[in-house]
Each structure stands twice: as C-alpha cells, then as structure tokens.
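Throughout, a chain's letter reflects where its sequence line sits, starting with A, and its residues are numbered from 1. Nothing here was measured: the structure is a model prediction, and the numbers come from that model.
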Amino acid sequence: MSDQKRLFLVDAFALIFRGYYAFIKNPRINSKGVDTSAIMGFMNSLLDVIKRERPDHLAVCFDKGGSTDRVEMYAEYKANRDETPEAIKIAVPIIQDILKAMHIPIMVKAGFEADDVIGTLSKQAEKEGYKTFMVTPDKDFAQLVSENIFMYRPVFGGGYETWGIPEVQKKFEVEDPLQVIDFLGMMGDSSDNIPGLPGVGEKTAKKFLAQYGSMENLLANTHELKGKMKEKIEANGELGILSKKLATIMLDVPVTFDAKDFELDHPDIEAVKNIFQDLEFRRLTDNFLKTFSTETETTPTSAPQKQEAQKVTPKEQKSAGAGQFSLFGVDDSVTTETTSEYTRQTAKTSSHFYQSVAPGIATKLFIKNLMNQTSVCFDTETTGLNPITAELVGIAFSWEIGKGFYMPFPEDKNEAQELIEQLRPFFESESIQKIGQNLKYDIKVLAKYNVTVKGKLFDTMLAHYLINPDMRHNMDVLAETYLNYTPISITELIGKKGKNQLSMREVDLEKQTEYAVEDADITLQLKEHFEKELGEANTQKLFDEIEIPLLRVLSTMELEGINLDKAFLNSLSEQLNTDIANLEKSIYDTAGEEFNIASPKQLGIILFEKMKLVDKPKKTKTGQYSTSEDVLSYLAKDHKIIRNILDFRGLSKLKSTYVDALPTQVEETTGRVHTDYMQTVAATGRLSSNNPNLQNIPIRTERGRQVRKAFIPRNENYTLLAADYSQIELRIIAALSKEETMIEAFKNGEDIHASTASKVFDVPLNQVTREQRSNAKTVNFGIIYGVSAFGLSNQTDLSRSESKELIDTYYATYPKLRNFISEQVDFARDNGYVQTVLGRRRYLKDINSRNAVVRGAAERNAVNAPIQGSAADIIKIAMINIHEKLIAGNYKTKMLLQVHDELVFDVYKPELDTIKTLVKSEMENAYKLDVPLDVDLDIGDNWLEAH
DNA sequence: TGCAATGCATA
DNA sequence: GTATGCATTGCAA
C-alpha cells in the first residue's frame, strides 16, 4: 500500500447491534446480571479492526436524536424500528467511556445520523488526500464509495471484506456507486422504513437500474412497463422520489475532520483495564493488551481461539436399559379416559400398546411373529425428507389396532444393513399385504437398502385421494377427519424447521416409538375405514389397477432420476451471459454501431431513426419512441434485431427459474435430478412434479428450450426417447361425445384444427388459412376448458360477438359435442360429481350454486375434469404396462419422466428399435376408445433434440 | 420465518 | 375458460 494516510470511520450503532445479535442465542451476562453482549460484540470488532489494519486515524460515529431532516420529510421514517433492546441502551455510555479511555474521538452531531457524519467526514478526508474506510455492515454506505473511500465490512464467520468501486458495481449491478441511492429508493428498506416503490424488491430494482439508470428516468418511462407493475409505479412516483431522498446520505453535516484529533495514539491502558475488569471481560482484556502492547506486530495464527470449543457432537442415541427393550416385558399402555365426543383423542387419552424391539433375540422373536401375519402396516422413520439421502432410523409395525412395535436402526451403515437383511423376508414376501401412508416414500427408502417391497399394497393416502380428490391427504388431517384423533406432531418431536431442528435419530427412543408406532397404528385404522369407502365410491378397480401399481412405477422413475450434464448446468448460467453478449454483438452488427440496448431512448433512435424499421414509429407521451413489448413483438417476425432484443430482455427470468435453480437440485450422490411426482394433489387425476418441477421446463421459446439441452442420456450408449400422445384430449372428447365428424377426422389422420376450420368456416380443407386454423385451434382448446365467448375473444382477435358466432357455428358443426357438454353438467347436477373413463370421480359441490360465477366455474370443471382426467388415466395405464414390460424383458432402458401426455425414456441404444415399438404400442393401446390414439416418437442426445 | 398475491413456465 | 409448481415481493409475525 502507498504511504497515503488511512482514516477509519466506525459506524458505532451498526456494530453494536451486530454484536448484540451475534450473542442473542447465548447472551453474555456477568455476575451482576448485566447483559454485556453489545459491549463485548462492539469491542471485539473494534479491536479486530485496529489489530488487522493499524489505522493512522480513527473515529467512532454515533447517532444522536435521529435525523430531524428525514423525519420532516417523512413522518414514518424509522418509525417501525423496534424499541432498542435494554442491553444496547446501557451499552452506549459504557462504550463511550471506553473510547474516551482509549483516546479515540467520538463523533456525534445532534439531529444527524452516523451515516451523515461518516459521509461528511469521509468526503472531507478525501479532499485532504486520505484513504477512508467506513467500518460498517450497512449496505447503504455503498453510495459513498469512491476511488479513495471504501467500505470495510465485517462478514459472517469472521473477517472483513473491502468494497471499492468494482465491488459495489458488481454487488448492486450499477455503473456508479451513486446509483445505490436509486437502488435503495426503489426497493425500500424496511428497517429504516424507507417505503420504496411498491412491488419492487431487489431483483426488480436491479432490472430497472440496468434499464433506466435512475429513479427519475424510470418514472419518466413508466409507459414501457406492463400490468400491475405499471399501475403501481405510476401511482407512486412521488413516493419513489421521497424514498430516494430518504436513502441519500447527507454530506453537509456541520462537523470538521481534524487530522490531528483523529490520530490513533496510545490508550490509557489502566483506565480501559479497569472498565473491562468491572464488566468482567477477561479474554477481551488480554486481547486489548495484546493489541496495544508494542511488540505485537502480527498475531500468532497458532493460537486456537474462540469457536473451537463450540463444536457440538450430535447427541448419541440413548442406549436404554435392557429391560426397556424386552419384547413383551413392558406395558406402557395408558387407560382410556372418558372423553366427550367433541374432544379429539390423542396418544395420551387412548389405550395403546406401543413397544420398541431390542436387538438380538427379541428381534428374532419379533420377526418370527411378523412373518406369521397376512397384513401389516409399516412406517419408516428416517433422518430426512429426501429418500435418496435419508437413512433409516427405525421402522414401526402394526397389525392390530392400538398395538404395534418399533424397531430402531443403528447409525452404523453395516449394522443397519444387517438388521434390514433380517427383515428382508418380510418385505419381499408376496403373501403379506403391506399397508402404509405414502408408501412411495418408504419404498424408495428401502430401495436404497436394496430391499424391494413385494406383495399386495394398500396406501391410505392414495385411497383417500380416490375417495375425495379435492381434500388434502396428509395423515394428520385424515386422522382428525376420520378417526377423531390428533397424532403427535412431528414438530413436537424434532422442533420447528430451521435453526435447532433435530434429526429423528436424536429423539429419545421412547418418543420415537410412541410417534412411529402411532403413525402405523393410525394408518392401519384408516385402512379399515377407507377399504369400505373405496367400494362405495366405485373406485376399487382404479385403486388396485392404476394408483397402487403406479406407485411402484413412480418410485422407480424417481430413484432413477435423469442425467444432467453437470458441467453444462453449472456453466449454463454463464453461457447465458455469453448468449447475452452474443445477442449484443449481433444487435450492434445489425445496427452498425454500439449503443446501450437497455436504454429505450438510445434503442428507439437506432431502430426508428437510423434503421427506419417503420414509417411512422409509435411515440410515447414523453415524445420518445416506444420500444414496449407489444410494439416490438409486432416487428419481430420481420427483423432479427428485434427478436434479439426481446430475447435479451427475457433472459433474466429464465435464468432465475431454471438455469440457476436446476443445478442446485442435482443430487450429489447420483449426479442426477430426482423429481418427486405427487400422486395425490391434482384433483383431475394428473400427476404433478416438484423439487424440481420437470413438467414445466420451457419449450415454447427458442431461448427457453435451451434448458432442455441439459437433460441428457445416461451415457453414450443411451439415447433419449420422447413419446407423446397427439391431441389426446380432443380425441377423448370426440370419442366420449361420439361426434362422428370429429371421429372420422381423427380416423383419417387429418390435422384436426385444420379439419375443424374447414368445417366451421365452410372452406375446403386445402384452402384453410393460417388464421382460420388458428381460430379453430383456439375453439378446440376452449371446448376442453369449458368455453365462454368472453374467454374466446380474449384469446383471439375476434370480438365478443364474433366469438359467440364462432362458438355457435362450432356447435352446429359438432352437435354431439354440445350434447356431451350439457350431459356432463346435468350428470354433475344430479350426482354431485363427474367421472373419467375409469370412474375416477371429481366432486363438484358448487354445481348447483345460485352464484352464477361460482356455478360457472363448477360447470367448466364438469366438462374439463373428465377429459383431463381420462387422459391422465390412459397415460397411467401405459406407464404401468411399459414398466412391467421393461422389467419382464430385462431391458436396460428406463422410463424417466412423465409430462402429462409425454413419456421420456433413457434408451439403451441396442434396444432402440424394440423399445420404440413397445412404447408406441403400449401407449396407443392403453385404453380402447372409438378414436385411435396416436403417439409421436422422437429420439435425441438430449431432451431438446428428442422433440 | 411463513403466508398471500402476482406473474409465468408447462400440458 | 382447465390443471399444476415456483420465483419474487410485501406483509405479518
């Protein structure tokens, strides 16, 4: 470093607060009962800075009485700050005493905040040739950063980072640190109660800044915004300006930087020692003496300081006494107390016999007993929610209501495997029925131990999904609804998620037993309940032949996961940035010069003055050329440069939702992405996918669909096969309605939308215009969703009355379709539900509502649910059959994904021809309709190519 | 930290 | 107009 003098300005309150909250979980209280956390925290930071940096000049700045100017501007300023904690209030005078003893100047100015004092001083020092370091964690200070003014910012886990101009540019994505003020003004700051612009947070503020550069320019160009955002910002321009003012650090506080006064000289060691002794700071006293004793130039790194002792070893599982483990020795049942029918039962109020099984002989006896059962409910307890990484902590079993056993699993992997081996005959027994709640999870966990769950299955969650798809199906809800019983909550055992949540392994064995066996017991009781109801709802077949077999299929697919080119994924984010650069270059080339694409002003001049893309460019209120979305997309088809600009704008969204998110979901152990298919959330019978959702990977836009390139085959011996049903929902509605005209079109392999257009607009098939086909397509989809003229006119260029006319003509063309629709609605009115081809029901309680809006929605559901649901039924059948054939044929090919009407396979190349035939045949013949089903196959080295 | 509202990705 | 999941934001704790 040069010989330039260095001034450190310390933001006292920021460091005091930070120190105080650092100890919040474990406050420092001395023998006099004084909470010294804040003092300790602050002094640690201060000494740390001195020791590390040895500043020539240093001062500590405090607030006094808040900022009168800002309160004048905005009465709410800092109004919602919590009352300052007591420990901080008492800390301030003590810290000031210590500073005096250390001969460190204290800067305060009534009516000004420390920010303003520091700002003013740093600018003065800059003029005098100093390098200034503002010691504060508060990001507001970034606006002051210049070539000679830096932020010196404590970071979590110790250490500091220095923010100069490049750091601020990067962090806030701005050119000039002064734009930090605009940034803060836009996004607001809840702790200072700076309102900001409504609806604008960090991401949006950065976007705006890149595009408009400042608050003022944003407000001058709100016409370019869309939707709610536009309304909100236009309505709150003044608030934005005010917010910016509030966020601005003042530079004209009446204080003077006096170099001599600020020189860091020797402290009054005795005085400081006395205060520290009084506070009972022993370590800090040592630290202080070391810092100021002359010979300490560098601090030894060998000294094992602080945190080392804090390392917490997870509590070992309590090894209970032998008696507790004995199989039949302990009866911890509780007598039933009389409960009114309004009081829910719990484990405490109902009689039960739950017991843990000890290792050794007890386990052998237990398993012998287990093997004699014909139907057993089980529930695994694990260390987490992700079955790929979770380890078994125990398994609960129950085959008699009110009674059950819990087998804890050792943490040691080999021992756990030995134990599961003993249970293998049970799980793999074909003759013992297995009952569970969400068995897919347990099956996946056990698969990780190489155990296959065989035999008949009964999943209470799936059963209830068929009985009442609109409800939720978690066990607590089911127990309360059907058994009038409240199970022990998981949070009671392991705490709320986040900070101190325990792993199931850390829970006492007795509690584990109570909790786990209770789950198994309740599940068993629910099974008895739902068994009857399944028959009554006529969905037994759907349960046995679709949902239960599908559960095995899904667990296999989920465990398999899909390969992601990890290098590609990890770099895709940067590649996108490269793409942006390429787009920029291409735009510059076309434009013939470089300019700021993000600036609408410059862009408008380039497009409409230089390139003269249109004769009469649309202008905005402020007289500038409009470059808004709708203007540009209108020009997009004729000009590549416009497409590039639109792409450029759309990238950030893509990046955050997919490109940056997906790599974090790659499982370390497998290098693959394992989605979780939800079998019980979609009321229509569809699956849904989450963590991550692989059913909404972009495909419509060129840039978006690039994400699909990241989904690749297992290795070079494999290829991806995508098989999708063509127009399955329209085929279903044609078949169900028996509308011959439409059925014929499908039988003849016609382009259905063109065919519809030809009939509705009464033109020969080969003379259908693009627009006619497009409108016909919209109506076809509208039918599936339960059309209204209003909805149709929103989707097309047609007016409301034209839409109505089109729909009327459509119904005239396909009269049976109209019949079908009214039949569905009538059926729903009479029965309260509609159903799919396989009898999957959806109950529509609002179908007879007197509220037309509510009733209308129910009527659309009545039309859509059987269509969407039947399509779901059919692909589920195909999946089950394909799964079985893949196993039976011992193929290496795996089924990986389902996207509603599409299946994706990882095909072993030598099997390709066989698999293509197999998949196509199984999908097309999954269910017999009066309309042929048609499946398109595509292969490729990634999911994008396979389309 | 958890919730609702908004907007947008898919079929 | 149907069915989902998720990122971001603001607000309530």
#### Entry: Close side-chain approach of A:I882 and A:M923, heavy atoms under 4.5 Å
yes
### Query
Reckon A:G786 touches a base, only the sugar-phosphate, or nothing at all at heavy-atom distances under 4.0 Å?
base
### Summary
Rounded to whole Å, the CD-P distance (A:E202 to C:dG10) equals 11 Å
### Query
Name the stems with DNA chain C in them: runs of three or more consecutive Watson-Crick or G-U pairs, distances under 3.5 Å?
B:1-11 with C:2-12
### Query
If you check the A:N690 side chain, which of C:dC6, C:dA3, B:dT10 turns out closest?
C:dC6
### Summary
Separation of C:dT4 atom P from A:Y677 atom OH, nearest Å, is 17 Å
#### Entry: Intermediate values then yes/no, salt bridge (Lys or Arg N to Asp or Glu O under 4.0 Å), A:E547 and A:R840
CA-CA 11 Å; A:E547 301 301 347; A:R840 182 193 305 277; 2.7 Å; yes
### Message
Could you walk me through whether A:I546 and A:D873 satisfy the side chain to side chain contact (heavy atoms under 4.5 Å, CB included) test, starting with their C-alpha distance in whole Å, then the side-chain angles of each, then the deciding distance to 0.1 Å, before giving a yes or no?
### Response
CA-CA 8 Å; A:I546 307 289; A:D873 289 349; 5.6 Å; no
### Query
Taking the six-membered ring for Trp, is the centroid-to-centroid distance between A:Y833 and A:F827 below 6.0 Å?
yes
### Message
So A:I697, base contact, sugar-phosphate only, or nothing? Heavy-atom distance under 4.0 Å.
### Response
sugar-phosphate
### Message
Classify A:T675 by what it touches in the nucleic acid, base, sugar-phosphate, or nothing, heavy-atom distance under 4.0 Å.
### Response
nothing
### Task
Assign A:V863 to base, sugar-phosphate, or nothing according to its heavy-atom contacts below 4.0 angstrom with the strands shown.
nothing
### Query
Whole-Å distance between B:dC8 P and A:N693 CG?
17 Å
### Task
Have a look at A:E729 and say if it touches a base, only the backbone sugar-phosphate, or nothing, with a 4.0 Å heavy-atom cut-off.
nothing
### Options B:dT6, C:dT4, B:dA11, nucleotide nearest the side-chain atoms of A:K228
B:dT6
#### Entry: Polar pair under 3.5 Å, donor/acceptor by atom type, side chain A:Q868, base C:dT2
yes
### Query
Would the number of heavy atoms belonging to other residues, nucleotides or ligands and lying under 6.0 Å from CG of A:D797 be above 12?
no
### Message
Under 4.0 Å, counting only non-hydrogen atoms across every strand here, what does A:L694 touch: a base, just sugar-phosphate, or nothing?
### Response
nothing
### Query
Is there a donor-acceptor contact under 3.5 Å from the side chain of A:R708 to the main chain of A:I697?
yes
### Task
Could you please name the option among C:dT4, C:dT2, C:dT9 that lies closest to any side-chain atom of A:K203?
C:dT9
### Task
Without swapping roles, check the side chain of A:S737 against the backbone of A:A734 for a donor-acceptor pair under 3.5 Å.
yes
### Message
Rounding to an integer number of Å, can you tell me how far A:H900 NE2 sits from C:dT4 P?
### Response
10 Å
#### Entry: Nucleotide nearest A:S656 (side chain, heavy atoms from C-beta), chosen from B:dG7, C:dT8, C:dG1
C:dT8
### Message
Counting only side-chain nitrogens and oxygens, does A:T657 get under 4.0 Å of the OP1 or OP2 atom of C:dC6?
### Response
no
### Task
Please state how far atom CG in A:N193 lies from atom P in C:dC11, giving the value in whole angstrom units.
10 Å
#### Entry: Gap between atoms CG and P, on A:N691 and C:dT4 respectively (whole Å)
17 Å
### Message
Does a side-chain N or O of A:N696 approach OP1 or OP2 of C:dA3 to a distance below 4.0 Å, or not?
### Response
no
### Query
Using a cut-off of 4.0 Å on non-hydrogen atoms, how would the nucleic acid contact of A:R842 be classed: base, sugar-phosphate, or nothing?
sugar-phosphate
### Message
Categorize A:I699 for me: base, sugar-phosphate, or nothing, with a 4.0 angstrom heavy-atom threshold over every strand shown.
### Response
sugar-phosphate
#### Entry: Distance test, side-chain N/O of A:S689 to OP1/OP2 of C:dG5, below 4.0 Å
no
### Query
Contact class for A:A871 vs. all strands (heavy atom < 4.0 Å): base, sugar-phosphate, or nothing?
nothing
### Distance in angstrom units between A:Y465 OH and C:dA3 C1', rounded
10 Å
### Message
Taking only side-chain N and O atoms of A:R700, does any of them lie within less than 4.0 angstrom of OP1 or OP2 on B:dT10?
### Response
yes
### Task
Give a yes or no answer on whether the side chain of A:E802 reaches the backbone of A:S799 with a donor-acceptor pair at less than 3.5 Å.
yes
### Message
Using whole Å, what does the distance between atom P of nucleotide B:dA11 and atom CZ of A:R705 come to?
### Response
11 Å
### Residue of the set A:V779, A:N775, A:T778 for which side-chain contact (heavy atoms from CB on, under 4.5 Å) holds with A:L798
A:N775
### Query
Does A:R686 put a side-chain nitrogen or oxygen below 4.0 Å from OP1 or OP2 of C:dA3?
no
